[in-house]
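Contents: one structure, followed by commentary.
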Amino acid sequence: MQDYIVVGGGIGGVVAYSILKKLGKKVLLFEKLDYLGGCAGTFKKDGLFYNVGASTLVGLDENLPLDILLKILDIDKNTIPVLPIDPAIVVYTKDKVINRYKDFERAFEEIDKNFPYKNNKNLWNRVKKVSTNNWQNIYKLLPFNPKNYPDLLKKVITNLDYFLSGIKDSLMTAEKVIRHYIPDPDEDYKAFLNSQILMATQCYWDEVNFSFASMGLTYPNLSNYYVKGGMSNFLESIVKDDKNVLKKVKVKSISRVRDIFEVKTNKGEFYTKKVILNRTIWDYCELLDESLKDSFCEVSKKKYSKLWSSATLYFAVKDENNLLSKHHYQILHDKNPYTDSYSFFVSVADPCDSVEGYKSITISTHCKIELWENLSKEEYTEKKEKLKEFILENLYKKIPQFRMLPKTDVMIGTPNTFNRYTGRYKGTVGGIPLRRKYTMLNYPMGITPIKGLYLVGDSVFPGQGYPGVTVGVFNLLLQVEEDFREVFYRYI
Ligand SMILES: Cc1cc2nc3c(=O)[nH]c(=O)nc-3n(C[C@H](O)[C@H](O)[C@H](O)COP(=O)(O)OP(=O)(O)OC[C@H]3O[C@@H](n4cnc5c(N)ncnc54)[C@H](O)[C@@H]3O)c2cc1C
């Protein structure tokens, strides 16, 4: 009998598993694929690895979530297979190239050189101040699970300074604050700002508050890392061949017999007191048998609408002379009719991971799910080809080296692909868009209506990416595991 079974080896599942194990719990993790990481995983093809989606790692700076995690797990940061990258991203707008450097002053100069607006400095100083304040205070909010206004009020009162200092930035849209400094930014600057905000919040500037947007705008000012051997390797370096982390084990259904959960998999049945599902709030019910089904998933599907998926291209280029000298390029373009988005992100493997001169490339872009629904097989195949052509043409225009270099066949991923591999509902990725209309009472939390069954991952507070999902696990365990509180507060 296990204390916990963790279903899914994405970031949330692995972080939860590792902490529970460190706390001395009897715990198993089942991952249906043959690699860890889910959307932040790495698959292999013809000797090369390809990052599925995520390709930049942040959160290792002092006191950021991954730094705290490694301290809790007693893992030496130097053993993590990462390379610092700076600039984190090179952004190509219509006619500009902007290096997003880590050093704030240098990063600002680069922006100001390209978009010389009078009040730029004041705007970016405010962006920096707000995001720094958020990072410094995030743990004070935990455990965060306000159920009603009085509950929320208590949280506000205990963190009054933070709430008072941030209230204006939380109530106003990013657009409103930005326009306060720069009333009429040109189309290129607007596109640049929106692309940076979208990457981290899944929203455009008129949907998200300035507080969250500031964290997206300063993402490159945190230490950004390339993970050697692919993103899965970060999680592998945490679990280190742990025999209780079982890959290729697919959970088929979960039921409860009295106080115990029965977890049925393709490798047999397992019994546990508690279950942590690394699934989204929209689809976790798919795994529950009739006796456990609740209406939470269905309600969530309706409540959190307009979710993004992603479209991806995977291929390798022969780049022996390192003409592609950066790891991440972001290309802004006119609306992509096959995804409804205005930019895509290009990740290039480091020379240390090249095979016979070939470097693997992952290109990803936000994608509207409905554009890929209800297609016949022929329509689907044709649309994938058009998507590929659109992206490659735009890539070649901006960075001609990509056209010149010999390359392998291109594999194309769509929302259907994300659904098939990660199990996520309709291929939704990136978690909950941090829209203003979802108030603090509206964000989904990891505690489900079913006793002993919890959720981790990017669909629960505070959201996506390595830092967000890790904080979400801290938040859950602070509420359900007393032993964790003592450990956690030792390090923050
Ligand atoms: C294209 C793209 C680019 C991104 N870029 C970045 C980035 O650069 N940096 C960053 O930090 N974040 C990035 N993100 C966001 C980040 O990848 C996600 O927020 C994060 O990986 C989600 O983690 P999760 O814990 O929700 O798990 P998921 O990624 O959803 O993984 C869930 C896991 O559970 C497994 N599973 C599901 N059902 C079962 C079952 N029945 N039995 C067993 N196993 C099961 C799946 O196979 C999967 O491995 C990106 C996301 C995308 C899509």
Side-chain angles (χ1 to χ4, degrees), residues 5-17 28-43 51-60 65-66 85 88-89 199-200 202 219-220 222 224-227 231-232 234-235 245-254 263-267 276-284 286-288 308-314 327-328 330 341 344-345 347 362-367 413 415 417-425 427-432 446 455-460 462-470 472-473:
I5 284 181
V6 178
V7 181
I11 300 171
V14 173
V15 170
Y17 170 87
L28 286 176
L29 182 147
F30 299 138
E31 166 53 54
K32 71 184 173 69
L33 300 172
D34 61 357
Y35 54 84
L36 297 176
C39 296
T42 311
F43 68 90
N51 284 325
V52 170
S55 57
T56 58
L57 184 84
V58 300
L60 282 168
L66 295 181
I85 46 176
I89 310 167
M199 236 187 338
Q202 316 307 323
Y219 184 89
L222 303 173
N224 272 251
Y225 294 93
Y226 169 86
V227 181
M231 289 296 272
S232 288
F234 179 80
L235 298 177
V245 173
L246 296 150
K247 293 175 194 148
K248 294 201 207 168
V249 179
K250 180 172 180 174
V251 171
K252 294 183 163 169
S253 74
I254 300 170
V263 178
K264 286 202 176 106
T265 76
N266 58 337
K267 299 277 166 70
I276 293 187
L277 291 175
N278 193 186
R279 296 282 302 236
T280 71
I281 54 160
W282 310 284
D283 58 43
Y284 77 90
E286 287 169 13
L287 294 180
L288 307 181
W308 285 105
S309 184
S310 183
T312 40
L313 303 186
Y314 308 101
H327 290 96
H328 301 295
Q330 194 180 9
S341 60
F344 56 82
F345 198 77
S347 304
T362 295
I363 300 185
S364 63
T365 174
H366 283 76
C367 178
T417 322
F418 273 96
N419 170 259
R420 191 163 126 224
Y421 283 95
T422 64
R424 296 172 69 111
Y425 170 67
T428 54
V429 293
I432 305 259
L455 295 179
V456 291
D458 62 10
S459 75
V460 297
Q464 63 138 350
Y466 259 99
V469 174
T470 303
V473 176

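FYI, the numbering just counts along the sequence from 1. Predicted model, so just to flag it, every value in this text is computed and none were measured. Order of listing sets the numbers, starting from 1, for every ligand and every atom in it.
At least one heavy atom of Ser55 sits less than 4.0 Å from an atom of ligand 1. Contact between Phe345 and ligand 1 is absent, with no heavy atom of the residue lying under 4.0 Å from the ligand. Taking 4.0 Å as the cut-off, Gly37 counts as a neighbour of ligand 1 on heavy-atom distance. The shortest heavy-atom distance from Val249 to ligand 1 is under 4.0 Å. The closest approach between Ser310 and ligand 1 falls below 4.0 Å for a heavy atom of the residue. Under a 4.0 Å heavy-atom criterion, Gly465 is in contact with ligand 1.
Two rings, from Phe43 and Tyr314, have their centers less than 6.0 Å apart.
Of the possible donor and acceptor atoms, none in the side chain of Thr265 sits under 3.5 Å from a partner among the backbone N and O of Val249.
Ranking protein heavy atoms by distance to atom 48 (C) of ligand 1, first place goes to Glu31 OE1, 3.4 Å.
In this comparison of Gln202, Gln464, Lys32, the heavy atom closest to atom 43 (C) of ligand 1 sits on Lys32.
For ligand 1, the polar-atom distance check finds no N/O of Gly13 at less than 3.5 Å from any of the ligand's N/O atoms. The N/O atoms of Phe418, backbone and side chain alike, include none that comes under 3.5 Å of an N/O atom in ligand 1.
Taking 4.5 Å as the limit, every side-chain heavy atom of Ser459 sits out of range of all side-chain heavy atoms of Tyr284.
Only side-chain heavy atoms of Ser364 come within less than 4.0 Å of ligand 1; its backbone N, CA, C and O stay farther off.
For the residue pair Ser341 / Thr365, a side-chain donor-acceptor distance below 3.5 Å is found, with atom types taken as modelled. Residues Tyr219 and Thr56 bring a donor and an acceptor atom of their side chains to less than 3.5 Å of each other.
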